[in-house]
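As structure tokens, the structure follows; a few thoughts come after it.
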Amino acid sequence: MFQLPRGTRDFTPEETEKRRYVEENMLSTFKSFGYKEIQTPTFETLELFTAKSGDLIIDEIYAFSDKGGRELALRPELTAPVMRFYVEKMQMEPKPLKLFYFGNCFRYDRPQKGRYREFWQAGCEIVGTNTPEAYAELVAMAYTILKNVGLKNIKLNIGNLNIINSTFTQLGLSKDDQKKLLPLIDKSQFDDVFSLLPDLGITNDSAKKFTDMLQTSDINKIKEFFKEDTPAIDELSNMEKILDLLKSSFNVKDFQIKMSIVRGLDYYKGLVFEIDAPVLGAEKQLCGGGAYDLVTLFGGRETPTAGFAVGFDRTILALETEQFAFPSFKTDVYIIPVSKEMIGKSIEIAQNLRKEGILTDLDLLRRGIGKSLKYANSKNVEKVIIIGPKELENDSVTLRDMKAGDQEVVKIADIVSKLKNN
RNA sequence: GCCCGGGUAGUGUAGCCUGGCAACAUAUGGGACUGUGGAUCCUCUGUGGCGGGUUCAAAUCCCGCCUCGGGCCCCA
């Protein structure tokens, strides 16, 4: 017996149908916002990812050498590949450039619910604009994607790294000090932040104002923290515009300002946001994104970029936890030949139905009618066509409605119209 | 990488503590039923995650590993 590799999964027909439904739903939302889908390879050069995220992450990357000695890696995420693609081949495309993707990614991590070694991400990047309306649209689209697939209970949090950085500057905190604070802020351990600040030379009063600011969702309170002429004021008014547009024009109202969003890496600039599904427990983040700069890191001409990624597997889990009613995908018709002699004619009829776009299955086990009906029933097929010599003499078949339990004799020429009318 | 809890036919479970023929339900194939389903009955097939130890004897006790899950770490 062989076993699945740790952290990977098989998907049954039912699961695959669910996943395909959600995938198509997500992709159509991207498209509705004018985004175009792209694809990149499953593996890339290892340095693409280490350049972006540092050598540390190599522990969590599926890295390998190929037979030519090239250092390669299964992609752990898709932003870097998309930006590589952009810098290599798409820099001259008209702006803004709106790209989305859907694909599997790989991380060597301890698996648990909502975290797998092979997982799927849907996401997008927008290149060449940093207007408030572009960012508001980005956030609204992330929110809309999750709402459109049918999630009821999600939480959208919006922050801004430039503003956080300005607070550090204003408080006169060194890079080292910031490194101590950021993990605590990220984990919302504000009491620990507060008690650490005096050690870094911050007065109790400032420390209080700082930790209050981190926890407020009132943008005016955040403004009060800053002196009039700091760059943060511009960033704040930008953020205010984004939030206004979200609320009044995109009609996305249930979000929170959360200044304590830090996100992992330092190529994020300005806007950051996250969407959680509280039902999921420990691994509850469904979506994360923001503005970032990878283009210059990858050798391209400087241009604003922003994007987000949605955890596809977690979205499915959240839908299941919320007991979402996934549509069922049934076979429309099951054809039963009553005897061996009827098989040829049955196949012929099946083929005609298939040409008409009717999902048609056919008995392939030469089973009796009773068993065949039982099978059709267990597969939730709605209609059964029974093909036997009696009806065939009049160019007819028996069409049986499995739900109602009644049946009628129908001319072969009329089957399609009969089926389509129901 | 750390702590904790699981793993018994395809699926869901019992038995484990206190070692003694592996059980039940359901599903699958065949049949009762040679032209009519969901019911009923009969029947075939299919089981201890893997490896080692203790023992006359291991699903059961012990050890290691694999794997799933809860919580950490991390989360690009």
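Here is the naming used below: chain letters follow the sequence lines, and residue numbers restart at 1 for every chain. Every value quoted in this text rests on a predicted model; they were computed, and no experiment measured them.
- Across B:rC75, B:rC68, B:rU36, the shortest atom-to-atom separation from the side chain of A:Leu373 is found for B:rU36.
- In this structure the side chain of A:Ile38 reaches within 4.5 angstrom of the side chain of A:Phe85, judged on heavy atoms.
- A salt bridge between A:Asp361 and A:Lys379 is absent, with no side-chain N of the basic residue lying under 4.0 Å from a carboxylate O of the acidic one.
- Taking atom CD of A:Glu283 as the reference point, atom P of B:rC68 lies 14 Å away to the nearest angstrom.
- Side-chain N/O atoms of A:Arg115 and base N/O atoms of B:rC74 include a donor-acceptor pair closer than 3.5 Å.
- In this structure, the nucleotide among B:rC74, B:rU36, B:rG37 sitting nearest to the side chain of A:Ile386 is B:rU36.
- Between A:Pro337 and A:Asp363, some side-chain heavy-atom pair lies under the 4.5 Å cut-off.
- Taking the salt bridge (charged side-chain N to carboxylate O under 4.0 Å, His left out) definition, one finds that A:Lys269 meets it with nothing, sequence neighbours left out.
- A:Lys36 places no side-chain N or O within donor-acceptor distance of the main-chain N or O of A:Lys98, the cut-off being under 3.5 Å.
- Remark: C1' of B:rC33 and OH of A:Tyr375 are 20 Å apart, rounded to the nearest angstrom.
- Checked by atom type and distance alone, the side chain of A:Arg75 pairs as donor or acceptor with a backbone atom of A:Asn104 at under 3.5 Å.
- Considering only side-chain atoms of A:Ile369, the nucleotide from B:rG35, B:rG38, B:rC74 that sits closest is B:rG35.
- Using a 4.0 Å cut-off, no side-chain N or O of A:Arg400 falls inside it from OP1 or OP2 of B:rU36.
- Note: CE (A:Met402) to P (B:rU36) measures 14 Å, nearest angstrom.
- A:Lys345 has a carboxylate O that lies under 4.0 Å from a charged side-chain N of A:Glu348, or vice versa, which qualifies the two as a salt bridge.
- Using a 4.0 Å heavy-atom cutoff across all strands shown, A:Gly388 reaches at least one base atom of the nucleic acid.
- Looking at the side chain of A:Gln112, the nearest of the listed nucleotides B:rC72, B:rG30, B:rG38 is B:rC72.
- The same atom, P, is picked in B:rU60 and in B:rG52; the two are 14 Å apart, to the nearest Å.
- Nucleotides B:rG46 and B:rG5 have their C1' atoms positioned 29 Å apart, rounded to a whole Å.
- Contact annotation: A:Arg367 reaches the phosphate of B:rG30 (side-chain N/O to OP1 or OP2, under 4.0 Å).
- Exactly one of A:Leu280, A:Ile275, A:Leu151 qualifies for a side-chain contact (heavy atoms from CB on, under 4.5 Å) with A:Thr315. That residue is A:Leu151.
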(request) Sugar-phosphate means primed atoms, P, OP1 and OP2; the rest is base. With that split, encode nucleotides 3-8 of chain B 5' to 3' as B, S or - using protein heavy atoms under 4.0 Å. (result) ------
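- Taking side-chain N and O atoms only, A:Arg107 has no distance below 4.0 Å to OP1 or OP2 of B:rC75.
- Here A:Gly405 lies in heavy-atom contact (under 4.0 Å) with a base.
- Positionally, the nearest nucleotide of RNA chain B for A:Ile387 lies more toward the 5' end than for the other of A:Phe106 and A:Ile387.
- Among the atoms of the strands shown, only primed sugar atoms or phosphate atoms (P, OP1, OP2) are found under 4.0 Å from some heavy atom of A:Gly7.
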(message) Could you spell out the base pairing of RNA chain B as a dot-bracket line? Use Watson-Crick and G-U wobble contacts where both distances are under 3.5 Å, [ ] for crossing pairs, | for partners on a different strand.
(response) ((((((((.[[[[.)....(..]]]]..((((.......)))).....[[[[[..)....]]]]])))))))....
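- Of the C1' atoms belonging to B:rU54 and B:rC41, the separation is 48 Å, rounded to the nearest Å.
- Residue A:Lys113 places its side chain closer to B:rG69 than to any other of B:rG37, B:rG35, B:rG69.
- Residue contacts shown for A:Gln285 are absent, as no nucleic acid heavy atom lies under 4.0 Å away.
- For A:Thr398, the side-chain atoms get nearest to B:rG35 when compared with the rest of B:rG71, B:rG35, B:rC75.
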